[in-house]
Structures are given as C-alpha cells and as structure tokens.
Visitor: 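Just dropping this structure here.
Throughout, residue positions are numbered sequentially from 1 according to the sequence presented. Computed over heavy atoms, backbone and side chain alike; hydrogens, waters and symmetry mates excluded. Keep in mind that what you see is a predicted model, and the values were worked out from it rather than measured.
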Amino acid sequence: MFKLRVEIKEIWKTETLQNGFEKRFAVVQTLEQYPQTLKMEFTQNNVNLLDQVQSGELVYMTFNVKGNRIQKDGKDMFFQSLNVWKIER
C-alpha cells in the first residue's frame, strides 16, 4: 500500500469491457521537487471515487502497485498499474 499527495490533471471516462469489468483512469502529478506524471487506475466499485473530485484538486490517493510478466515471442514483457482504492482531501 502506498499513499501520495497529488494534483489531479485529467479524469477519464469509465470503460466497460465485454465481461462487464469496469475501469477508469486519472492522470495526476506528484507534489515533489521533481514532479512525476502518473496514470492511476480505478477498477470496479472504485471507478466512482473520481466522481467526487475535479481536475486541479490536490488530494491524497492510496493505492496498490500491481504487476504482470508476460512472455511474447520469446521476450519478457512487464506491465505495472497503480490501482487506487481511496481518495482523501
């Protein structure tokens, strides 16, 4: 579990996949000496967390880091996501 103070830059629309799985993304920027721009993921019941905030707001986001390793054509590929489950002002 990680927690960051961020500024919300963009909030994307909810996507519903064929199996009914919902996901939504927000682009945020960290508030450190060297700010980082991150794409945060919200899934299932957590997609509604973004309905309570707007672009430009400063919030705390609590999230888990998820990762997968996939082999394709004999090469390893790695994917990470920052899955948010709590937003606080």
Visitor: If you measure from OG1 on Thr30 to CD on Gln36, what distance do you get to the nearest 0.5 Å?
Guide: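 Going from OG1 on Thr30 over to CD on Gln36, the span is 5.5 Å.
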Visitor: If the threshold is 4.0 Å, N to carboxylate O, is there a salt bridge linking Glu7 and Lys9?
Guide: yes
Visitor: For Asp73, check side chain to side chain contact (heavy atoms under 4.5 Å, CB included) against everything at least two apart and list the hits.
Guide: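 Here no residue qualifies.
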Visitor: Nearest 0.5 Å, please: how far is CH2 in Trp85 from CE in Met1?
Guide: 5.5 Å
Visitor: Heavy atoms, side chains only, cut-off 4.5 Å: are Phe21 and Thr16 in contact?
Guide: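 SC-SC contact between Phe21 and Thr16 ruled out.
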Visitor: Leu17, Trp12: one ILVMFWY side-chain cluster at the under-4.5 Å cut-off?
Guide: no
Visitor: If you measure from CE on Met77 to CG on Asn68, what distance do you get to the nearest 0.5 Å?
Guide: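 So the gap between those two atoms works out to 11.0 Å.
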Visitor: Should the heavy atoms of other residues, nucleotides or ligands under 6.0 Å from CZ of Phe78 be counted, would the total exceed 12?
Guide: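 Yes, CZ of Phe78 has more than 12 neighbouring heavy atoms, counting only those of other groups under 6.0 Å.
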Visitor: Between Glu41 and Arg24, does any side-chain N to carboxylate O distance fall below 4.0 Å?
Guide: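 Looking at Arg24 together with Glu41, the answer is no, because their closest N to O distance does not fall below 4.0 Å.
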Visitor: Say you draw a straight line from CD of Gln52 to CD of Glu57; how long is it, rounded to the nearest 0.5 Å?
Guide: 8.5 Å
Visitor: Return the CZ to CZ distance between Phe42 and Phe63, rounded to the nearest 0.5 Å.
Guide: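 So the gap between those two atoms works out to 10.5 Å.
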Visitor: Do Met40 and Val65 share a hydrophobic cluster (ILVMFWY, side-chain heavy atoms under 4.5 Å, transitive)?
Guide: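 Linked within one cluster.
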Visitor: Taking all atoms of both residues into account, what is the closest heavy-atom pair of Val53 and Val59, and its distance?
Guide: CG1-CG1, 4.1 Å
Visitor: Can you get from Leu50 to Leu82 by hopping between Ile, Leu, Val, Met, Phe, Trp and Tyr side chains that sit under 4.5 Å apart?
Guide: yes
Visitor: Under a 4.5 Å side-chain heavy-atom rule over Ile, Leu, Val, Met, Phe, Trp and Tyr, are Val27 and Val84 clustered together?
Guide: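 They do not share one cluster, since no chain of ILVMFWY contacts under 4.5 Å joins Val27 to Val84.
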Visitor: Side-chain contact test, heavy atoms from C-beta onward, threshold under 4.5 Å: evaluate it for Lys3 versus Lys86 and give yes or no.
Guide: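 The answer is no; the side chains never approach within 4.5 Å.
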Visitor: Does the side chain of Ile87 reach to within under 4.5 Å of the side chain of Thr62, using non-hydrogen atoms?
Guide: no
Visitor: Is any side-chain heavy atom of Leu38 closer than 4.5 Å to a side-chain heavy atom of Leu4?
Guide: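 In short, these two side chains touch, coming nearer than 4.5 Å.
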Visitor: Just wondering, more than 12 heavy atoms not from Asp51 lying within 6.0 Å of its CG?
Guide: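 Enclosed.
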Visitor: Provide the closest heavy-atom pair for Leu58 versus Leu31 in the form atom of the first, atom of the second, distance.
Guide: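 Looking at all heavy atoms of both residues, the shortest contact is CD2-CD1, 4.0 Å.
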Visitor: Say you draw a straight line from OG1 of Thr14 to CG of Asn48; how long is it, rounded to the nearest 0.5 Å?
Guide: 7.0 Å
Visitor: Can you find a pair of side-chain heavy atoms, one from Gln44 and one from Lys23, that are under 4.5 Å apart?
Guide: no
Visitor: Using side chain to side chain contact (heavy atoms under 4.5 Å, CB included), reason through Arg69 and Phe79 one step at a time and then give a plain yes or no.
Guide: CA-CA 7 Å; Arg69 180 182 195 171; Phe79 299 92; over 6 Å; no
Visitor: Checking Met61 against Ile8 for the side chain to side chain contact (heavy atoms under 4.5 Å, CB included) test, could you report, in this order, the C-alpha distance in whole Å, the side-chain angles of both residues, the deciding distance, and whether it holds?
Guide: CA-CA 10 Å; Met61 288 189 175; Ile8 300 171; 4.2 Å; yes
